[in-house]
Amino acid sequence: MAQKAVVRGCGSFLPEKVMTNAELATMVDTSDEWIRERTGIRERHIAGDDEKTSDLAAAAARAALAAAGMDANDIDLIVVATTTPDLTFPSTAAIVQAKLGIESGAAFDIQAVCTGFIYALSTAEKFLSSGQHKRALVIGAETFSRILNWEDRTTCVLFGDGAGAFVLEAQDESEANGRGVMNSYLRCDGRLVDLLYVDGGVSSTQSTGHVRMQGNKVFREAVNRISQAMEHVVDEAGIDVGDIDWFVPHQANERIINGVVKKLDLRPDQVISTIAGQGNTSAASIPLAYCAGVADGRIKNGDLVLIEGMGGGLTWGAALLRA
Ligand code: UT7
């Protein structure tokens, strides 16, 4: 019988250290006003020297397990979306598995930069709906601050660190009662690598490198591609955009989010936004925002939620789920 992948709980973690726009203005030629007006960001969290991506991911995973009322050993699949792994190998997912004390099941990372959580959720959903695995931790976790050039004002003001996690459980359709991931849409256009990339890597420079972005070119691509992905999942599900309860976007830029809201005729009060306090946390931003919406009581079981992401690659995508 077909299985649905139901979100049983979500959790998040943000490093304690906060960096304000004012602090950034002492480091590079920028201002609080410019950052707020162009992006909507006021501050972001930055991982401490001893905090690795796997630490953030494990903390978010523990919170998600607590919300789901499950033990770590109920999990038989861990998928971590990250661009900032602890090590070149093994995967951050393997390290998270050990930190959680899980001794069986599968664990691997997914790399689709800021679209990573959509790719990871879609992948985990396939593993659960096929019956191969029963319960998955899907985590978006980043220490993006580690790959920023802190002298480049065009990138260092945009990003932050954090992690968010979902516990997904395979349930029979009768048990799921309409809940679960409904569908997803994943895309990549590798011809656009140069718009957003890191100028280092194992096979090229044997170094980590720093983020390089042609921001205004990415911006110009964003609203149309994101809207098209959202329209695709909505059409495929046979519903109307107006049926959506909540829109949980990747938090790259408030102006991109507003553009999508306008284009698709959504209401601003349907948007779950965390950008002001967190900046762009890449693969972590969607689960962080989703968890914020659950924590403050906006997203309730049974609500229809549309999520989307876009990032380096270029990659982009969307998914529809009933909370
Ligand atoms: O999550 C992955 C996907 N990433 C995105 O979706 C990011 C997409 N891009 C953006 O969000 C925006 O393009 C940015 C926020 C990065 C930049 O905003 P913009 O309105 O596109 O500005 P711009 O790049 O066209 O730059 C406008 C001006 C330039 O100065 P001139 O050439 O007009 O004199 C920049 O040098 O703003 C300048 N500038 C800054 N000024 C103060 C760029 N960065 C800064 C800064 N502070 N931090």
Side-chain angles (χ1 to χ4, degrees), residues 19-44 81-84 111-120 140-145 147-162 164 186-190 192-198 210-230 248-261 263 271 273-276 278-289 307-318:
M19 186 183 281
T20 62
N21 290 347
E23 198 176 340
L24 273 165
T26 68
M27 297 159 61
V28 287
D29 181 13
T30 191
S31 65
D32 175 48
E33 191 186 14
W34 190 95
I35 301 170
R36 272 191 291 111
E37 279 180 6
R38 299 287 178 130
T39 70
I41 301 167
R42 292 171 183 268
E43 56 189 32
R44 70 287 291 144
T82 187
T83 298
T84 47
Q111 161 59 297
V113 204
C114 299
T115 321
F117 192 77
I118 306 275
Y119 272 64
E142 301 282 13
T143 47
F144 224 78
S145 60
I147 53 168
L148 295 174
N149 173 356
W150 289 97
E151 293 178 356
D152 175 10
R153 69 176 183 173
T154 68
T155 51
C156 75
V157 304
L158 303 173
F159 296 92
D161 300 335
L186 308 178
R187 283 295 178 271
C188 176
D189 186 343
L192 300 175
V193 165
D194 287 351
L195 297 195
L196 174 53
Y197 67 102
V198 164
H210 292 118
V211 174
R212 301 273 197 115
M213 177 164 71
Q214 299 181 51
N216 46 15
K217 289 195 178 160
V218 177
F219 194 102
R220 280 204 288 275
E221 297 290 337
V223 175
N224 281 344
R225 286 175 196 261
I226 291 167
S227 303
Q228 185 263 335
M230 289 167 62
V248 183
H250 168 50
Q251 315 277 321
N253 188 318
E254 197 170 65
R255 289 187 294 145
I256 295 175
I257 297 172
N258 292 343
V260 171
V261 165
K263 194 171 168 69
V271 182
S273 176
T274 51
I275 193 159
Q278 298 175 8
N280 179 350
T281 56
S282 187
S285 90
I286 295 168
L288 275 166
I307 65 178
E308 57 80 3
M310 176 172 162
L314 286 181
T315 53
W316 68 102

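Predicted model, so just to flag it, every value in this text is computed and none were measured. Numbering of ligands and ligand atoms starts at 1, following listing order.
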A.B. asks: What part of V157 sits under 4.0 Å from ligand 1 if we count only heavy atoms: the side chain, the backbone, both or neither?
C.D. replies: side chain
A.B. asks: Look at the side chain of R255 and the backbone N and O of R38, then say whether any donor-acceptor pair between them is shorter than 3.5 Å.
C.D. replies: yes
A.B. asks: Please tell me if the side chains of P249 and V260 come closer than 4.5 Å, counting only heavy atoms from C-beta onward.
C.D. replies: no
A.B. asks: Taking all non-hydrogen atoms of both residues, which atom of Y119 and which atom of R187 are closest, and how far apart?
C.D. replies: OH-O, 2.9 Å
A.B. asks: Taking the minimum heavy-atom distance to atom 13 (O) of ligand 1, which of S282, G215, A252 ranks first?
C.D. replies: G215
A.B. asks: Check the surroundings of atom CD in E151: do more than 12 heavy atoms from other residues, nucleotides or ligands lie under 6.0 Å from it?
C.D. replies: no
A.B. asks: Compute the shortest N/O to N/O distance between F159 and ligand 1 and return yes if it is under 3.5 Å, no if not.
C.D. replies: no
A.B. asks: S31 to ligand 1: N or O pair under 3.5 Å?
C.D. replies: no
A.B. asks: Restricting to non-hydrogen atoms, name the atom on G116 and the atom on A283 that form the minimum distance, rounded to 0.1 Å.
C.D. replies: CA-CB, 4.3 Å
A.B. asks: Side chain or backbone of I256 under 4.0 Å from ligand 1, or both, or neither, by non-hydrogen atoms?
C.D. replies: side chain
A.B. asks: Name the closest protein heavy atom to atom 21 (O) of ligand 1, giving the residue it belongs to and the distance to 0.1 Å.
C.D. replies: N216 CB, 3.6 Å
A.B. asks: I need the minimum non-hydrogen distance between K263 and S227, along with the two atoms involved.
C.D. replies: CD-OG, 3.4 Å
A.B. asks: In the protein, what heavy atom is nearest to atom 48 (N) of ligand 1, and what distance, to one decimal place, separates them?
C.D. replies: R153 O, 2.9 Å
A.B. asks: Looking only at heavy atoms, what is the nearest atom pair of M310 and C114, with distance?
C.D. replies: O-CB, 3.2 Å
A.B. asks: Do protein heavy atoms approach atom 34 (O) of ligand 1 to less than 4.0 Å?
C.D. replies: no
A.B. asks: Less than 4.0 Å from atom 6 (O) of ligand 1, is there any heavy atom belonging to the protein?
C.D. replies: yes
A.B. asks: Answer with yes or no whether the side chains of E142 and T82 bring together a donor and an acceptor at under 3.5 Å.
C.D. replies: yes
A.B. asks: Has ligand 1 got any nitrogen or oxygen that is less than 3.5 angstrom from a nitrogen or oxygen of T39?
C.D. replies: no
A.B. asks: Taking heavy atoms and a distance under 4.0 Å, where does L196 meet ligand 1: side chain, backbone, both or neither?
C.D. replies: side chain
A.B. asks: Taking 4.0 angstrom as the limit and counting only heavy atoms of R255, give me the atoms of ligand 1 inside it, by number and element.
C.D. replies: 18 (O), 19 (P), 20 (O)
A.B. asks: Checking contacts here: is it the side chain or the backbone of L158 that comes within 4.0 Å of ligand 1, counting heavy atoms only? Could be both or neither.
C.D. replies: side chain
A.B. asks: May I ask which of V223, V211, N253, L314 has a heavy atom nearer to atom 14 (C) of ligand 1 than the others do?
C.D. replies: N253
